[in-house]
There are 2 protein chains.
Amino acid sequence: MRESTALDEMICFQLYAASRAMTALYRPLLDPHGVTYPQYLVLRVLWHDGPTTVRDLGRALRLDSGTLSPLLKRLEAQGLLTRARGADDERTVLVSLTDPGQQLRDAIGDLTPALLCAVDLTVDELTQLQHLLIRANRPGRTA
Amino acid sequence: MRESTALDEMICFQLYAASRAMTALYRPLLDPHGVTYPQYLVLRVLWHDGPTTVRDLGRALRLDSGTLSPLLKRLEAQGLLTRARGADDERTVLVSLTDPGQQLRDAIGDLTPALLCAVDLTVDELTQLQHLLIRANRPGRTA
DNA sequence: CCCAATTAAGTTGTGCACAACCCATTGGTG
DNA sequence: CACCAATGGGTTGTGCACAACTTAATTGGG
């Protein structure tokens with residue numbers, strides 16, 4: 001049967017499908033607040049770390065400026081954050097939350113319970129999955 | 001520290017990051033053949049199952065016609081497949097591989113080895129990950 | 001000091017993902 | 001037969017992801 005249902009292919013498809021299913025779970029929870037899942041991830045970094053450069057946001061989320069620039073522009077247009085050129089280094093742009101951006105943290109609240117009950121996994125299995133994914137995200141030999 | 005690095009959030013981000021990292025691994029392998037990762041998934045279904053309706057492709061890949069229609073149109077423009085309205089049911093469209101589409105299977109070959117050595121996981125861990133993802137893709141209580 | 005290489009953001013173009021819609025065909029049911 | 005809900009596929013609009021490129025600022029070496 002050749003490689004029709006080979007191991008790696010299955011894992012890769014499951015990963016791809018699970019990632020899309022996960023954002024689909026977040027959608028109805030975030031939609032009322034007017035933000036998407038990637039936007040929510042950016043906000044989480046800002047809630048946790050305070051004002052952050054575009055470069056550091058990119059490092060944290062593994063996204064480049066081609067993705068972040070328009071995304072941040074949309075969040076800025078919503079009044080959730082501001083962007084300002086760095087004083088010391090004019091190349092950098094520092095992203096800071098506005099008051100509405102800060103308040104959104106409490107408005108959205110903790111999404112954990114809603115998500116946990118939507119997945120058929122125990123807490124142990126989730127922890128296991130998390131550790132495997134973290135290791136999977138740390139590639140071995142890129143060459 | 002509130003829910004700044006909560007369990008579910010970490011897993012969801014790891015899933016999101018791992019999925020993107022995975023398609024990034026496929027990109028250089030598929031690029032020379034002129035297909036993307038989602039296009040490759042469609043081809044795999046066709047290689048495995050033969051002519052398939054758009055509806056069944058959507059069920060297999062968990063994608064709707066809004067995603068599949070333009071994707072299939074691009075594969076058709078490349079001469080890799082053809083689309084034809086069903087004879088019995090005029091609503092359905094049957095997707096069939098052309099000869100070049102069939103030959104691409106051998107041209108691309110088995111990508112497993114290249115992918116395995118790019119991930120820092122043992123075969124056992126990959127199997128474990130696969131089973132967890134399969135269960136994660138089977139949601140518990142949607143309501 | 002000056003210039004080349006590097007870095008930080010942004011822009012452009014392509015393709016995926018999905019919601020919201022449209023339309024034609026189908027398969028009942030009255 | 002007439003009607004009507006359901007189904008299959010397509011289109012439109014928005015946003016994400018990324019490659020490739022551009023521009024401006026910075027840094028380091030001669």
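This is a predicted model, so every value here is computed, not measured. In what follows, every chain begins at residue 1, and chains take the letters A, B, ... in the order their sequences are listed. These values consider heavy atoms only, across backbone and side chains, with no hydrogens, waters or symmetry-generated copies.
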Any N/O donor-acceptor pair, B/Ser65 side-chain to D/dG10 base, under 3.5 Å: yes
Nearest-Å distance for atom pair OH/P, residues A/Tyr37 and D/dA17: 10 Å
Sugar-phosphate only, base, or nothing, as touched by A/Thr36 at under 4.0 Å among non-hydrogen atoms: sugar-phosphate
Euclidean distance, atom CG of residue B/Asp64 to atom P of C/dC21 [Å, nearest integer]: 15 Å
Short side-chain N/O contact from B/Thr67 to OP1 or OP2 of C/dA17, under 4.0 Å: no
Contact list for DNA chain D against residues 15-22 of chain B - heavy-atom distance below 4.0 Å: B/Tyr16, B/Arg20
Along DNA chain D (nearest heavy atom to each residue), the more 5'-positioned of A/Leu63 and B/Asp56: B/Asp56
Gap between atoms CG and P, on A/Leu57 and C/dA8 respectively (whole Å): 13 Å
Check: B/Leu94 main-chain N/O paired with B/Thr53 side-chain donor or acceptor under 3.5 Å: no
Nearest atoms (heavy-atom pairs only) where A/Pro28 meets A/Pro32: O-CD, 3.1 Å
Residues in contact with DNA chain D, drawn from residues 84-92 of chain A - heavy-atom cutoff 4.0 Å: A/Asp88, A/Asp89, A/Glu90, A/Arg91
Test applied, side chain to side chain contact (heavy atoms under 4.5 Å, CB included); reference residue, A/Leu72; option that passes from A/Leu80, A/Leu57, A/Thr67: A/Leu57
A/Asp124 and A/Thr122: side chain donor to acceptor below 3.5 Å: no
Nearest-nucleotide comparison on DNA chain C, the residue closer to the 5′ end among B/Pro70 and A/Val93: A/Val93
For atom CG of B/Leu72 and atom C1' of C/dA17, their distance in whole Å: 14 Å
Closest heavy-atom pair and its distance - A/Leu25, A/Ala118: CD2-CB, 3.8 Å
Plane angle bin for B/Tyr37 and B/Tyr26 - parallel if under 30°, tilted between 30 and 60°, otherwise perpendicular: tilted
Side-chain (B/Ser19) to main-chain (B/Leu15) donor-acceptor, under 3.5 angstrom: no
Nucleotide D/dC18, atom P - distance to CZ of B/Arg27 in whole Å: 6 Å
Partner of B/Trp47 under side chain to side chain contact (heavy atoms under 4.5 Å, CB included), chosen from B/Val42, B/Leu97, B/Asp106: B/Leu97
For atom CG of A/Leu61 and atom P of D/dA17, their distance in whole Å: 9 Å
B/Arg85 side chain vs B/Val93 backbone, donor-acceptor pair below 3.5 Å: no
Sugar-phosphate only, base, or nothing, as touched by B/Leu68 at under 4.0 Å among non-hydrogen atoms: nothing
Phosphate-side-chain proximity, A/Lys73 and C/dA9, N/O vs OP1/OP2 below 4.0 Å: no
A/Ile108-A/Leu46 co-clustered via ILVMFWY side chain contacts under 4.5 Å: yes
Whole-Å distance separating the CD atom of A/Gln39 from the P atom of C/dA17: 19 Å
Interatomic distance where CG belongs to B/Leu30 and P belongs to D/dA19 [whole Å]: 14 Å
Touch class at under 4.0 angstrom, heavy-atom based, for A/Thr53 against every strand present: sugar-phosphate
